[in-house]
Amino acid sequence: MSSVESSKDFEQFRDELDAVERRIAGEIDPGVRAMVVAGAVFLLLFSLVLSHAGSARGFDVLLGTEATRIEHIGLPSRIFVWFVVVFGIGFSLLALMTRRWALAWIAVAGSAIASVFGVFSIWHRQTPGLGNYVGAGPGIGLVVGTLAVMVLTFHWIRVVWSRTAMQLAAEEQRRNAAAAAEERDRRRLLGD
């Protein structure tokens with residue numbers, strides 16, 4: 001079999017190989033970190049049941065109940081709880097179940113923002129309000145939620161930046177194929 005025939009045989013499978021490579025590149029393999037991420041998601045769920053500030057629990061902040069008005073829960077805490085629910089819990093669970101790289105990146109971005117708002121919420125609960133109002137300080141749920149979302153962010157960053165063995169092999173194969181094509185074109189141009 002000549003090299004021309006073998007390259008034609010290979011070209012007929014090029015589209016299928018490219019599709020498989022794109023699918024592999026879009027996947028993550030969290031490995032052991034999946035258990036840490038799942039644990040952090042569980043802690044985030046648990047933090048919603050605990051006291052956020054005074055008598056207001058995390059679910060009260062999420063739903064905007066009367067307890068949030070009584071405890072003077074501010075905008076930073078509301079944003080924090082919504083980011084925790086949407087990104088820390090929602091997108092993290094979706095990314096763990098589907099193992100899609102894009103969903104994991106969304107979970108990372110949202111969890112990182114939630115981490116900032118968590119710290120800001122704790123600070124906000126420790127700062128006197130208008131007219132020197134001093135309400136209840138940060139509750140255990142707010143502190144646990146903030147620490148859990150920070151751990152979640154750290155581990156999601158490690159997951160999305162790591163490459164799976166299949167991705168590394170596909171990159172190596174792509175580099176080898178590009179080098180072989182370059183060498184073949186060079187020989188054809190030089191007449192070797």
Side-chain angles (χ1 to χ4, degrees), residues 25-164:
E27 291 181 354
I28 58 169
D29 182 19
V32 177
R33 291 191 189 278
M35 291 303 292
V36 177
V37 168
V41 169
F42 176 75
L43 277 176
L44 287 175
L45 282 168
F46 186 62
S47 75
L48 294 176
V49 177
L50 298 173
S51 171
H52 191 81
S55 64
R57 296 171 302 144
F59 281 120
D60 293 329
V61 176
L62 181 67
L63 301 173
T65 64
E66 185 66 19
T68 60
R69 189 188 62 73
I70 292 170
E71 293 296 336
H72 298 279
I73 302 294
L75 187 61
S77 295
R78 292 173 195 210
I79 292 172
F80 168 70
V81 170
W82 274 102
F83 268 81
V84 161
V85 169
V86 172
F87 297 102
I89 296 171
F91 276 99
S92 290
L93 288 177
L94 279 173
L96 277 179
M97 290 188 294
T98 62
R99 298 192 183 266
R100 301 306 304 165
W101 186 77
L103 291 174
W105 265 110
I106 293 170
V108 165
S111 296
I113 293 169
S115 297
V116 171
F117 274 100
V119 172
F120 189 51
S121 296
I122 291 171
W123 171 78
H124 185 259
R125 293 305 309 170
Q126 295 173 336
T127 304
L130 294 174
N132 265 350
Y133 169 79
V134 178
I140 188 70
L142 179 58
V143 173
V144 167
T146 301
L147 292 175
V149 81
M150 286 179 176
V151 167
L152 185 68
T153 302
F154 171 77
H155 285 283
W156 268 132
I157 287 172
R158 298 289 304 255
V159 167
V160 297
W161 278 346
S162 67
R163 306 293 290 183
T164 65

| said: Please give me the minimum heavy-atom distance between A53 and A136, naming the atom from each residue. | reply: C-CB, 4.2 Å
| query | To the nearest 0.5 Å, what is the distance between OG1 (T65) and CD (E71)? | reply | 10.0 Å
| field | Exercise: identify the closest heavy-atom pair between S47 and G141 | value | CB-O, 3.3 Å
| query | P30 versus M35: any side-chain heavy-atom pair under 4.5 Å? | reply | no
| said: For R158, I'd like to know if atom CZ has over 12 heavy atoms of other residues, nucleotides or ligands within 6.0 Å. | reply: no
| message | Would you say that T68 contacts H52 through its side chain, given a criterion of any heavy-atom pair below 4.5 Å between the two side chains? | response | no
| message | Measuring from atom NE2 of H155 to atom CG of L152, what distance do you get when rounded to the nearest 0.5 angstrom? | response | 9.0 Å
| message | Just by distance, no angles: are the side chains of W156 and S92 close enough, under 3.5 Å, to form a donor-acceptor pair? | response | yes
| Got L44 and L48 here, is their nearest side-chain heavy-atom distance under 4.5 Å? | no
| Which atom names give the shortest non-hydrogen contact between A107 and S111, and what distance separates them? | O-OG, 2.7 Å
| Taking only residues at least two apart or on different chains, which pairs with a member in residues 75-100 satisfy ring-ring contact (aromatic ring centres under 6.0 Å, His included)? | F83-F87, F87-F91
| request: Please report the closest heavy-atom contact between V81 and V61, naming both atoms and the distance. | output: CG2-CG1, 3.7 Å
| field | Where G88 and V41 come nearest, the two heavy atoms and their spacing | value | O-CG2, 3.5 Å
| task | Would you give the length of the straight line joining atom CG of L96 to atom CZ of R33, rounded to the nearest 0.5 angstrom? | result | 13.0 Å
| said: How long is the straight-line distance from CD1 of I73 back to CG of L62, given to the nearest 0.5 Å? | reply: 12.5 Å
| task | Would you give the length of the straight line joining atom CH2 of W101 to atom CD1 of I106, rounded to the nearest 0.5 angstrom? | result | 10.5 Å
| field | From OG1 (T127) to CH2 (W123), nearest 0.5 Å | value | 4.5 Å
| request: Not counting sequence neighbours, which residues clear salt bridge (Lys or Arg N to Asp or Glu O under 4.0 Å) with R57? List them please. | output: D60
| Do the non-hydrogen side-chain atoms of S121 and T146 ever get within less than 4.5 Å of each other? | no
| request: Return the minimal non-hydrogen interatomic distance between V108 and T153, and the atom names on each side. | output: O-CG2, 4.3 Å
